[in-house]
Amino acid sequence: MSQTLQCDVAVIGAGTAGIAAERAARKNGASTLLIDPEFNGTTCATVGCMPSKLVIAAAREVVRIRRAGLFGIEVDGMRIDGSAVMQRVRAERDRFAALTRESFNDIPKQVLLRARARFDGPNILKLDDGRRIEARAIIIATGSVPILPDPFAALGDAALTSDRVFELEDLPKRLAVVGSGAIGLELAQAFAHLGVKVALFDKGERMAKLRCPKVHSRLREFLEESLDLHLGVDVSPHQTREGAKLLWRGKSEGEAVFDKVLVAVGRKPMLGGLDLEKAGLDLDDHGIPIHDRKTMRCGETAVFLAGDVAADLPLLHEASHDGAIAGRNAAAFPAPIPVSRNTAFSITFTEPALATIGEAEEDGAITGTAEFGDQGRARVDGVNRGALTLYAAAPNGRLIGADLIAPAGEHLAHMLAWAIQSGQTATQLLAMPFYHPTIEEGLKQALRTICAATPIDLPSDQDSGTPSGA
Ligand SMILES: Cc1cc2nc3c(=O)[nH]c(=O)nc-3n(C[C@H](O)[C@H](O)[C@H](O)COP(=O)(O)OP(=O)(O)OC[C@H]3O[C@@H](n4cnc5c(N)ncnc54)[C@H](O)[C@@H]3O)c2cc1C
Ligand SMILES: NC(=O)c1ccc[n+]([C@@H]2O[C@H](COP(=O)([O-])OP(=O)(O)OC[C@H]3O[C@@H](n4cnc5c(N)ncnc54)[C@H](O)[C@@H]3O)[C@@H](O)[C@H]2O)c1
């Protein structure tokens, strides 16, 4: 007879969300089980955030070296050793992945079950090693996987997804990137800066869900400095003796042959093989269990979601927050405690960084814009390019969102997300200290435009002028 294990909370998937969920449930007094077939490290460490940022870090050094001439510094004989670049990416990536695996040592041994789980009833899981689990509550934290449409899969080894791209032994000579979401933008531009001949394609005309046309057109301009960009096109791939041939039709037409094609057309929640129909869950039109983001609970059931599988905001910090919420609420089942969620924001690590924060649309929203061409500190550092649009609510100028592509963009994005979450108005932000000369001073222009559109005066003890180069 198969062994049956019992626990308060069973967590399926030991990624960022699952680890956080198990930890939160155990901290809240629940007996837990954490199930994963691999315990191989998270998507973030192995094939996601960290290896992609390692490629970008190498590319950033190239950009800096190329910029040195601006300061009167000539760097002769720069040579990019593609194999060394990719070796460092993998070595550092492996270190991050090993650290994640080591963190499993902090979890009591009996909690970890190396197996693949599926539902056998609303509170019952069946493992592929024959064991069964009866749990008071179950958290699904199985992540997401890259989408690889059949015509691209037919390219065989020439087709890459983010799961395989970091395994490249060397930089390809010609790379097509299909999809201009976060993965496509980051990797297309980074590989282009590393000397790869890159073409980036998207069937849509708006990249990275940007709302501000001005910020979008600056992104376009910056990308086109190093790669060929084709938006609004249908791409069809063909395998030829010379390599992978792509034909595209739509807003532009053409064909070209590439050594590799990075397919970055989105990720799908990993729900296949879970036998969800046995869990008694209501699904939405995309097959995702309907859940409440404030509790991560699925309807009135004892099942919770956490991380990419929930398909809300497939980002690392959201996965770990989902996990903490789901874990605590699964432990407290059947009395979950709703929480309010953080201001949504995403940063795409292009050069310069791109960010969308909060909301753009609201009745009577006021906008304020800033450009970085003449911004003091940005000019000093030779990074004076970019645009920023702030969105604020009428009538008092409370900040609700922003789109930006700007120097120090990731830091500006954090500051703005924190200001938005704490309900600050443009006037209140302007009353904060701004050091000089910094890129943060570049915000003043946009904040002042918003203040001017509200009935609330600028703080009377504040100078409304601009120090030299601010
Ligand atoms: C290339 C790339 C770059 C990224 N860059 C960033 C970034 O810069 N910043 C950012 O915020 N986000 C980034 N992300 C997104 C981020 O990596 C994800 O949002 C996050 O890793 C999701 O974590 P998760 O716990 O939901 O999933 P995962 O870490 O994938 O964990 C899911 C786990 O579930 C297990 N599992 C699946 N099915 C079963 C089953 N039936 N039984 C048991 N276990 C199962 C899997 O083995 C896996 O261990 C990036 C993603 C990619 C792909
Ligand atoms: N910096 C970061 O935070 C970061 C970095 C990388 C990934 N991520 C996460 O990973 C998720 C997945 O990233 P992604 O870039 O794969 O997906 P995405 O959903 O963000 O973008 C996919 C893009 O592919 C396009 N597309 C879809 N089908 C196509 C086709 N057949 N031909 C041409 N274009 C097509 C879409 O129009 C879209 O622009 C992101 O949503 C993000 O949450 C985050």
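These numbers were taken from a predicted model, which means no experiment stands behind them. Every number for a ligand or one of its atoms is a count from 1 in the order of the listing.
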Undergrad: Polar contacts were defined as any N/O atom of the residue lying under 3.5 Å from an N/O atom of the ligand; does this apply to Ile183 and ligand 2?
TA: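 N/O-N/O distance below 3.5 Å exists for this pair.
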Undergrad: So, are Arg174 and Glu242 salt-bridged, with charged N and O less than 4.0 Å apart?
TA: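 The answer is no: the pair does not qualify as a salt bridge.
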Undergrad: Heavy-atom distances under 4.0 Å are what count here, so tell me which part of Ile347 touches ligand 2: side chain, backbone, both or neither.
TA: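 The answer is the backbone of Ile347.
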Undergrad: Under a 4.0 angstrom heavy-atom cut-off, which atoms of ligand 2 come close to Val178?
TA: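 In order of numbering, the contacting atoms are 32 (N), 33 (C).
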Undergrad: Can you list the ligand 2 atoms lying under 4.0 Å from a non-hydrogen atom of Gly181?
TA: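 In order of number, 15 (O), 20 (O), 21 (O), 23 (C), 39 (O).
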Undergrad: Heavy-atom contacts with Ala115 under 4.0 Å: which atoms of ligand 1 show up? List them by number with element.
TA: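 Those of ligand 1 that fall under 4.0 Å from Ala115 are 43 (C).
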Undergrad: Heavy atoms only, cut-off 4.0 Å: how does Pro314 contact ligand 1, side chain, backbone, both, or neither?
TA: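 Contact part for Pro314 vs ligand 1: backbone (N, CA, C, O).
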Undergrad: Please compare Gly250, Gly48, Gly266, Ala355 and report which has the shortest non-hydrogen distance to atom 19 (O) of ligand 2.
TA: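 Going through Gly250, Gly48, Gly266, Ala355 one by one, Gly266 has the nearest heavy atom to atom 19 (O) of ligand 2.
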Undergrad: What atoms of ligand 2 come within less than 4.0 Å of a heavy atom belonging to Gly179?
TA: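 Selected atoms, number and element: 23 (C), 24 (O), 25 (C).
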Undergrad: Considering distance alone, does some N or O of Phe152 sit under 3.5 Å from an N or O of ligand 2?
TA: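 So ligand 2 has no N or O lying under 3.5 Å from an N or O of Phe152.
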Undergrad: Among Val55, Leu160, Leu54, which residue satisfies the side chain to side chain contact (heavy atoms under 4.5 Å, CB included) criterion with Phe166?
TA: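 For Phe166, the side chain to side chain contact (heavy atoms under 4.5 Å, CB included) check succeeds only for Val55.
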Undergrad: Before signing off on this row, confirm whether Glu186 and ligand 2 have an N or O atom pair separated by under 3.5 Å.
TA: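 Yes - when backbone and side-chain N and O of Glu186 are compared with those of ligand 2, one distance drops under 3.5 Å.
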Undergrad: Any heavy atom of Arg118 closer to ligand 1 than 4.0 angstrom?
TA: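 The answer is no: ligand 1 sits nowhere under 4.0 Å from a heavy atom of Arg118.
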Undergrad: Partners of Asn342 by side-chain contact (heavy atoms from CB on, under 4.5 Å), sequence neighbours excluded?
TA: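 If we apply the side-chain contact (heavy atoms from CB on, under 4.5 Å) test to Asn342, skipping adjacent residues, the hits are His321, Gln421.
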